[in-house]
Each structure stands twice: as structure tokens, then as C-alpha cells.
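Here the structure is laid out as C-alpha cells; the discussion comes afterwards.
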Amino acid sequence: MKVMETFNRNLNQSLVRESKEISDFKLQIDLLLKSVYERLVESERVVVIGAGKMKDFSLAFFVRNFNEVILTDIDLASVTEAESKVKLSEKELKRIIKIRMDYTGFEKNQFFNDFKERIVNCHTFEKVDQVINSKLEGLEKYKFLKNYSESADLIYVSPIYTQLIYNQVLRECAILRESGYPEHMLKYIESILLDKMVEIINRFNNNLIETLKPKGQLMVLSDIFQVDIGSSFYLRVKNGIKNQEVMEEIYEGYKQKFGIGIGDYGLLNLNEKLESYLSRWLIWPYDDKSSFIVKLKIYKKI
């Protein structure tokens with residue numbers, strides 16, 4: 001199993017088991033998907049980005065409403081496992097195409113394969129820059145779903161922005177930290193790669209848009225912050241989650257305190273490229289102790 005696939009496989013396996021809260025979340029998503037579906041000009045093909053263990057959407061909705069359902073993820077084993085647990089007819093199963101996909105090009109460039117080994121020999125910022133830049137060479141032109149240009153009537157994006165590389169970078173740095181690599185160098189690496197996320201997300205979003213048909217629809221979920229269940233902040237969010245104005249006020253306060261995160265930037269970047277016509281805040285259960293607060297936005301290609 002490849003380095004990035006292993007990382008994402010472990011991540012998918014950590015997701016909470018089925019529960020009433022997860023079922024309720026899926027139901028909310030299905031209702032919103034139904035409203036999007038009714039706006040579509042055609043319903044030939046839907047593409048799912050970051051399908052994983054399908055804890056945030058119902059596969060049944062897609063196969064019953066589209067002629068072709070393309071499920072993509074770098075960890076295809078989790079997708080296959082989740083698919084096997086859904087009761088579908090033979091006809092419905094034939095509508096599904098599963099594609100293993102690297103959304104960033106980091107696997108193609110083997111970014112993580114010898115990352116620690118090369119970094120540990122870097123003793124200056126300049127040397128770190130050389131290693132990172134060599135590993136990013138050519139990625140500015142990286143494309144995924146090249147064979148599906150302008151072919152999707154709907155693209156559904158699971159909460160994935162925060163999983164695009166940076167968490168794995170932090171994991172690699174944590175291992176280097178345990179081995180005694182200098183802290184100031186690790187902080188520099190983390191800072192450099194965080195800055196690179198702007199380019200990575202911009203390229204990711206451009207790939208999504210290129211895959212959409214003219215007048216196609218894009219539904220995106222982005223995890224904005226994680227909250228501890230039972231905390232005062234969680235209770236405040238839970239009480240205000242259905243009120244868009246209240247949630248935006250909470251969000252503004254959060255941004256002023258902690259700044260803009262990767263999940264925020266993913267949507268802000270899309271706002272510059274497409275027209276959004278619906279926005280919702282949702283609580284996505286993670287485990288017994290915490291939940292993600294997710295912002296869902298629906299865009300249309302003009």
C-alpha cells in the first residue's frame with residue numbers, strides 16, 4: 001500500500017461507526033441533494049470526491065437518480081467496503097464506477113516517500129526549500145479526472161480540504177520532532193507547506209470546475225472547526241445551527257480568534273470562481289467526544 005493511501009486508509013478507519021446522529025446527518029444531506037437534483041438540466045453523471053466510508057451521504061440516492069455514479073478516493077478499499085454494506089440491486093451496482101484518485105499530485109511526485117530521510121539532512125532553511133521545491137516540481141499543471149472534462153452534471157465533495165496533504169505533513173513533522181530534529185526547522189517546514197496549501201486548493205478547485213458541465217452543480221462540504229461535545233462552545237453552536245445569521249456571527253468570532261483555516265479557504269476560493277446560491281451549517285458527528293462543524297455550499301457553473 002502506498003504512503004498516502006496508507007495514511008488516508010488509517011484516517012478513514014478512524015471515523016465513527018454508524019449511529020443515529022450519522023443517519024440524521026445523511027438525511028439532511030439527502031434532502032439538500034434532492035433540491036439540487038431538481039435544479040439539474042440533466043442527471044447523467046454524478047462524481048463524488050472523497051467518497052471514503054460514505055459517512056456523510058447516502059450512496060442509494062445517487063444510484064437511484066443518476067445513470068452513472070463515479071466514486072473517487074485515494075483509499076479505494078474503504079469505498080469498496082462501504083459500498084458492500086449498501087443494499088443495491090444488480091442494475092444499480094452497474095451504475096457505479098470506482099476510481100482510485102490522488103487529488104494533489106503528491107503521490108505522483110512521491111512527495112512523502114523519502115521526505116523525512118531528506119529533511120533530516122537539511123540544516124538550513126535554504127536546504128529545506130530545495131527539498132520541498134524539488135518535490136513540488138511540475139505540480140502546477142497537475143490534473144485529475146482528465147478523461148471527464150465538462151462531463152459531470154453534479155459533483156459532490158465530502159469534507160476533504162483539511163485532508164489534502166497538510167495533516168500528513170504535520171504527521172511527518174511529528175515523527176521528525178520525536179527523533180530530535182530542531183524545532184525551529186520543523187516550524188519552518190510547517191509554515192512553508194501551509195503557504196503551499198493556497199496553490200494546492202486553488203488547483204484542486206480548478207480541477208473540480210473543469211469537470212463540471214456548463215450549468216452543472218457543485219455541492220461542497222467543508223469542516224470549519226472541531227468542537228468538544230458538551231463544551232459551552234458546542235452548546236452555543238448546537239442551539240444556533242439552524243439559524244444562518246447566528247452561525248455566521250459565531251463563525252466571525254471564531255475567525256477573529258483563530259484566523260482562517262484550510263477548510264475556510266477552500267470555500268473562499270470557490271466563491272471567487274462560481275456563483276453560490278445556498279449555504280448551510282451542519283454538525284457532523286465524529287466520535288463520542290467531538291463533532292465537526294461543517295459548512296455546506298452549493299454552486300452553479302455559469
Side-chain angles (χ1 to χ4, degrees), residues 2-12 14 50 74-75 102-140 142 159-205 222-228 231 233 251-270 286-287 289-295:
K2 297 181 181 179
V3 177
M4 288 177 60
E5 181 180 350
T6 302
F7 180 83
N8 283 275
R9 174 71 172 164
N10 292 337
L11 187 67
N12 281 326
S14 71
I74 197 166
D75 170 24
D102 166 22
Y103 302 113
T104 62
F106 273 51
E107 183 178 78
K108 173 178 174 287
N109 275 24
Q110 299 184 344
F111 186 93
F112 292 107
N113 286 31
D114 60 351
F115 179 77
K116 295 187 295 294
E117 290 79 6
R118 291 184 64 184
I119 287 295
V120 80
N121 293 313
C122 295
H123 305 293
T124 65
F125 293 153
E126 290 75 16
K127 287 292 184 182
V128 167
D129 288 339
Q130 287 175 16
V131 169
I132 291 177
N133 289 334
S134 70
K135 283 184 164 291
L136 296 177
E137 190 174 348
L139 288 189
E140 64 277 359
Y142 182 75
I160 196 174
Y161 288 116
T162 56
Q163 307 309 323
L164 293 174
I165 300 306
Y166 196 63
N167 271 348
Q168 194 165 354
V169 169
L170 294 179
R171 172 62 181 158
E172 296 287 291
C173 286
I175 295 171
L176 286 166
R177 187 172 282 114
E178 290 171 4
S179 71
Y181 190 69
E183 184 64 24
H184 71 284
M185 298 294 288
L186 291 169
K187 291 294 184 186
Y188 181 74
I189 294 165
E190 291 170 353
S191 175
I192 290 294
L193 267 300
L194 185 58
D195 288 343
K196 295 293 183 183
M197 288 305 299
V198 172
E199 302 168 23
I200 292 165
I201 288 174
N202 183 61
R203 187 163 57 245
F204 174 82
N205 283 345
S222 185
D223 48 315
I224 304 300
F225 40 82
Q226 190 171 3
V227 293
D228 295 327
S231 67
F233 185 64
Y251 175 50
E252 285 303 317
Y254 185 89
K255 281 196 298 183
Q256 287 178 19
K257 187 175 181 179
F258 298 104
I260 292 175
I262 293 172
D264 309 67
Y265 182 73
L267 296 178
L268 289 171
N269 182 266
L270 276 177
Y286 178 64
D287 57 27
K289 296 180 180 179
S290 63
S291 292
F292 286 106
I293 308 306
V294 170
K295 192 167 193 178

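These values consider heavy atoms only, across backbone and side chains, with no hydrogens, waters or symmetry-generated copies. Nothing here was measured: the structure is a model prediction, and the numbers come from that model.
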If you round to the nearest 0.5 Å, how far is [atom2] of [Y] from [atom1] of [X]?
| X | Y | atom1 | atom2 | answer |
| --- | --- | --- | --- | --- |
| Y166 | L193 | OH | CG | 7.0 Å |
| N202 | E140 | CG | CD | 12.5 Å |
| I224 | T162 | CD1 | OG1 | 9.0 Å |
| I200 | Y161 | CD1 | OH | 13.0 Å |
| F225 | S291 | CZ | OG | 11.5 Å |
| N109 | E107 | CG | CD | 10.5 Å |

Under a 4.5 Å cut-off applied to non-hydrogen side-chain atoms, are [X] and [Y] in contact?
| X | Y | answer |
| --- | --- | --- |
| F111 | L136 | yes |
| I165 | F112 | yes |
| I192 | F125 | no |

What pairs with [X] under side chain to side chain donor-acceptor pair (under 3.5 Å), at least two apart in sequence or on another chain?
| X | answer |
| --- | --- |
| D129 | Y188 |
| K116 | E172 |
| S231 | none |
| D114 | K135 |

Can you name the closest pair of heavy atoms from H123 and V120 and give their distance?
CE1-O, 3.9 Å
Report, one line per pair, each donor and acceptor closer than 3.5 Å where one atom sits in a side chain of residues 176-186; sequence neighbours left out.
unit_1	atom_1	unit_2	atom_2	d
R177	NE	E183	OE1	2.7
R177	NE	E183	OE2	3.4
R177	NH2	E183	OE2	3.2
R177	NH2	E190	OE2	3.2
S179	OG	L176	O	2.7
Y181	OH	I119	O	3.2
Y181	OH	C122	O	2.7

Okay, side chain of S191, backbone of K187: is any donor-acceptor separation there less than 3.5 Å?
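Looks like no, no N/O pair under 3.5 Å.
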Partners of E252 by salt bridge (Lys or Arg N to Asp or Glu O under 4.0 Å), sequence neighbours excluded?
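E252: salt bridge (Lys or Arg N to Asp or Glu O under 4.0 Å) contacts with K255.
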Is it true that atom CD of E137 has more than 12 heavy atoms of other residues, nucleotides or ligands lying nearer than 6.0 Å?
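12 or below, so no.
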Non-neighbouring partners of T124 that pass side-chain contact (heavy atoms from CB on, under 4.5 Å), sequence neighbours left out
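With sequence neighbours excluded, T124 shows a side-chain contact (heavy atoms from CB on, under 4.5 Å) to E126, K127, given in chain and number order.
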Residues which pass side-chain contact (heavy atoms from CB on, under 4.5 Å) with Q226, listed by chain and number, not counting sequence neighbours
Y286, S290, F292
Trace of the side-chain contact (heavy atoms from CB on, under 4.5 Å) decision for F115 with I189:
CA-CA 11 Å; F115 179 77; I189 294 165; 3.9 Å; yes
Could you list all the salt bridge (charged side-chain N to carboxylate O under 4.0 Å, His left out) pairs where at least one residue sits in residues 193-202, not counting sequence neighbours?
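Qualifying pairs, neighbours excluded: none.
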Tabulate below the donor-acceptor pairs under 3.5 Å that side-chain atoms of residues 257-266 make, not counting sequence neighbours, or state none.
unit_1	atom_1	unit_2	atom_2	d
D264	OD1	G261	N	3.0
D264	OD2	Y251	OH	2.5
Y265	OH	N269	ND2	3.3

Assess whether side-chain contact (heavy atoms from CB on, under 4.5 Å) is satisfied between F106 and L139, documenting all intermediate values.
CA-CA 8 Å; F106 273 51; L139 288 189; 3.6 Å; yes
Between Y103 and F204, what is the ring plane arrangement, given parallel below 30°, perpendicular above 60°, and tilted in between?
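Answer is perpendicular, since the angle exceeds 60°.
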